Amino acid sequence: MEREVRVRFAPSPTGPLHIGGVRTALYNYLFARKMGGKMLLRIEDTDQNRFVPGAEDYIRQSLEWCGIVLDESPWNEGPHAPYRQSERKPMYMQYALQLVESGHAYYAFDTPEELDAMRARLTAAKVPNPQYNAITRAQMRNSLTLPEDEVKQLLDAGTAYVIRLKVPRKEEVRFNDMIRGWVVVHSSSIDDKVLMKSDGMPTYHLANIVDDHLMEITHVIRGEEWLPSAPLHVLLYRYFGWESTMPQFAHLPLLLKPDGTGKLSKRDGDRLGFPVFPLEWHGTDAETGEPTVSSGYRESGYLPDAFINFLAFLGWNPGSQQELFSMDELIQEFSIERVSKSPARFDQNKVRWYNEQYLRAKPDGELAGYLLESLQAQGQTDVSTEKAEQIAALVKERATFPADLAREAQLFFQRPGSYDEQVVSKKWNAQVAGALAAFAQQLPAATDTSPDAIKALLTQVVEGLGMKLGQVLQALRVAVTGAAAGPDLMAIMSILGVQETAERINVALEQLNSYTAA
RNA sequence: GGUCCGUUCGUCUAGGGGUUAGGACAGUAGAUUUUCAUUCUACCAACAGGGGUUCGAUUCCCCUACGGACUACCA
């Protein structure tokens, strides 16, 4: 019988989730939906020292903004609650003890100082890989080297201890990664990982395996940084006797910094001037304790669909030439097999391009909504929906972000404060001014105020004076908007209205009088 | 240092034993436009290197180089 596909996203609440994490969540989500399975979120907060207030909420909001829907999570519990490892704390010890009893794990009493000393000794002896392992554990203080009664005494006395996995000395550990194929690691390169910490909390490794098993996870899709510890996890499944239901692994390629080398880190955003976080994050500097702000895609004006589309293509592609995919289409097309092995570098140009595509594809009504919102924020409250829609339709081709709409729309609400000097000095003269004056005089009487009609009127006036349209257009634009460039002039005048347009022309005529005389 | 992973245009990538090595972003040029932008068209641009295997390798294998991850009582 086929098991229902169940995947998990397991972030630790140590700060804001960066886009690499979001992509991991996205791929999990796409895979789960594609396979008709479930996706859950589990908070991996077994390190109490690294807990950051607000991080969990940030993760939740980020995923919501992205449109990644969780079937089970700490805030929407399912059959395997609780979904925070700190709340699952009581259940881990029994599993660690199970391993101790079966001889696959042991108690270790070494202090941090002793561990440091051991590493220093091995490093000095030029041991290639200093670690607590099948060889070195014989020199350490643990239940393998100490007499049984002494171990009992230490435990009874409440001495601090950890439980370590007893990794075999010589054994090949292999697993079939869905993205990378067979990965083989020799057990001698794996150390005796701590399973239970002295504070009674499990480490990531133990908690992860126990929870994935209990939560019936079928596929573990996570970042490449976990690849080196995957063989250890395989060992754990084996020793627990859970090998037959061990999840399949898929290790995703890393996301690299746009410049230089190395994986994208939380600090790169501010350094490079683009967001690495989905949402803005207010944190505190680890060293100075000063409040910090890291920019987010949402606040920078990115549309969630565009952001997701872009992110999906960083390390995956459908094999077709199609670039634009809705979430539903992504789900339809997604497959782990098409995830690439090699890391991907971040491309700011492409995210912007995606955003433009998504912005322009939106219905004018929705764009008008964005526009109205920004206008209201700057005190411009008397704009009708109808007018906003006209303006949005006209300026959307010039916008990358919703906020650009309002910027481009300014000319409709503010008369020119100055006139582009280049155009004035080149195009403005007595003849042109005369034509504009004539146009301004006739304009208010126009009954048809469509762009086409205005253009016809203008043509008629200009040609009636023996001139060509091209001679006056730039001057007219400057007179009406003050700028040398902008959206279609006829459309601008139409939206502005004949009265306002005529007045603006007359104001310009007065202001630029000196040029006319010259 | 050790272990593991990776390497096709500047970037994201398709492809795969015989191809003009395809697309997208960026860049450049041209067309359209009253202007800028948009749009359209064209151009530029890549199989890391060396050995094999093969009639033939960018594709399969090995080595080298380069890049990266991991190497905690962090996840």
Side-chain angles (χ1 to χ4, degrees), chain A residues 10-14 44-47 49-50 85 108 110-112 115-116 119 123 126-132 160-164 177 179-181 183-186 188-191 193-205 207-208 222-231 251 253-254 256 258 260-263 310 313-324 338 340-354 356 360 395-399 408 420 423 427 455 458 468-478 481 483-490:
Chain A
S12 58
T14 54
E44 310 237 320
D45 54 352
T46 52
D47 186 355
N49 300 320
R50 295 212 308 161
Q85 289 184 330
D110 315 279
T111 63
L115 291 173
D116 286 346
R119 290 195 192 96
T123 307
K126 296 210 163 57
V127 172
N129 193 14
Q131 58 183 14
Y132 205 119
Y161 68 90
V162 299
I163 295 179
R164 284 181 182 273
D177 189 277
I179 294 170
R180 290 151 207 284
V183 176
V184 186
V185 176
H186 197 87
S188 63
S189 66
I190 304 172
D191 62 348
K193 280 274 182 296
V194 170
L195 263 21
M196 288 298 293
K197 301 187 262 192
S198 56
D199 64 359
M201 273 292 205
T203 58
Y204 166 82
H205 302 290
N208 178 264
R222 73 226 306 190
E224 189 188 309
E225 66 268 30
W226 295 110
L227 195 51
S229 53
H251 289 94
L254 259 18
L256 265 27
T261 58
K263 76 171 169 179
F310 166 75
F313 269 67
L314 233 40
W316 173 87
N317 78 87
S320 68
Q321 313 254 92
Q322 187 181 341
E323 303 276 340
L324 266 19
R338 294 202 67 89
S340 50
K341 298 179 177 60
S342 46
R345 205 174 292 275
F346 202 82
D347 185 353
Q348 295 172 65
N349 283 324
K350 203 131 188 197
V351 220
R352 288 176 61 92
W353 179 79
Y354 270 110
E356 286 165 4
R360 288 165 202 176
V395 304
K396 68 177 173 187
E397 298 298 327
R398 314 170 65 78
E408 290 288 332
D420 187 274
V423 174
K427 306 278 184 178
K455 185 170 186 177
L458 178 66
K468 290 219 164 99
L469 203 53
Q471 285 176 265
V472 302
L473 279 167
Q474 276 295 75
L476 178 56
R477 172 181 294 283
V478 167
T481 71
D488 183 74
L489 223 204
M490 303 307 149

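Lettering of chains follows the sequences in order, A, B, ..., and the numbering in each one begins at 1. The structure displayed is predicted, hence computed values, not measured ones.
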For B:C40 and B:G6, measure between their P atoms and round to the nearest Å.
->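 Straight-line distance between the two P atoms is 39 Å.
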
How is [X] classified with respect to the nucleic acid when contacts are heavy atoms under 4.0 Å: base, sugar-phosphate, or nothing?
X: A:Gly315; value: sugar-phosphate
X: A:Arg180; value: sugar-phosphate
X: A:Lys126; value: nothing
X: A:Ser188; value: nothing
X: A:Arg164; value: sugar-phosphate

Tell which nucleotide pairs with [N], taking only Watson-Crick or G-U wobble pairs whose two distances are both under 3.5 angstrom.
N: B:A24; result: B:U11
N: B:G6; result: B:C66
N: B:C73; result: none
N: B:A31; result: B:U39
N: B:U53; result: none

Residue [X], side-chain heavy atoms: nucleotide from [options] that is nearest:
X: A:Arg360; options: B:U39, B:G1, B:G68; value: B:U39
X: A:Lys197; options: B:U34, B:C73, B:A24; value: B:C73
X: A:Ser342; options: B:A75, B:U7, B:C12; value: B:U7
X: A:Gln474; options: B:C74, B:U35, B:A24; value: B:U35
X: A:Arg338; options: B:C12, B:G15, B:C73; value: B:G15
X: A:Leu227; options: B:U11, B:G1, B:C5; value: B:C5
X: A:Glu323; options: B:C12, B:A24, B:C5; value: B:A24
X: A:Arg119; options: B:U3, B:A24, B:C73; value: B:C73
X: A:Gln321; options: B:G22, B:C70, B:G2; value: B:G22
X: A:Trp353; options: B:C25, B:A75, B:C12; value: B:C25

What's the [atom1]-[atom2] distance between [X] and [N], to the nearest Å?
X: A:Gln348; N: B:C12; atom1: CD; atom2: C1'; answer: 14 Å
X: A:Ile179; N: B:C4; atom1: CD1; atom2: P; answer: 20 Å
X: A:Glu397; N: B:C36; atom1: CD; atom2: P; answer: 16 Å
X: A:Leu254; N: B:C5; atom1: CG; atom2: P; answer: 15 Å

Inspect the surroundings of NZ in A:Lys341 and state if more than 12 heavy atoms from other residues, nucleotides or ligands are less than 6.0 Å away.
->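 At most 12 heavy atoms, drawn from other residues, nucleotides or ligands, come within 6.0 Å of this atom.
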
Check whether any side-chain N or O of A:Thr203 sits under 3.5 Å from a backbone N or O of A:Val194 as a donor-acceptor pair, and report yes or no.
->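 Flag set: sc A:Thr203 to bb A:Val194 pair under 3.5 Å.
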
Cationic N near anionic O, under 4.0 Å, A:Lys350 to A:Asp347 |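 Judged by the 4.0 Å cut-off on N to carboxylate O distance, A:Lys350 and A:Asp347 do not form a salt bridge.
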
Apply salt bridge (charged side-chain N to carboxylate O under 4.0 Å, His left out) to A:Asp488 and list each qualifying residue two or more places apart in sequence or on a separate chain.
-> none

Within a strict 4.5 Å, meaning less than it, do heavy atoms of the A:Leu458 and A:Leu476 side chains meet?
-> yes

About how many Å separate CD of A:Gln85 and OG1 of A:Thr46, when rounded to the nearest 0.5 Å?
->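 Those atoms lie 5.5 Å apart.
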
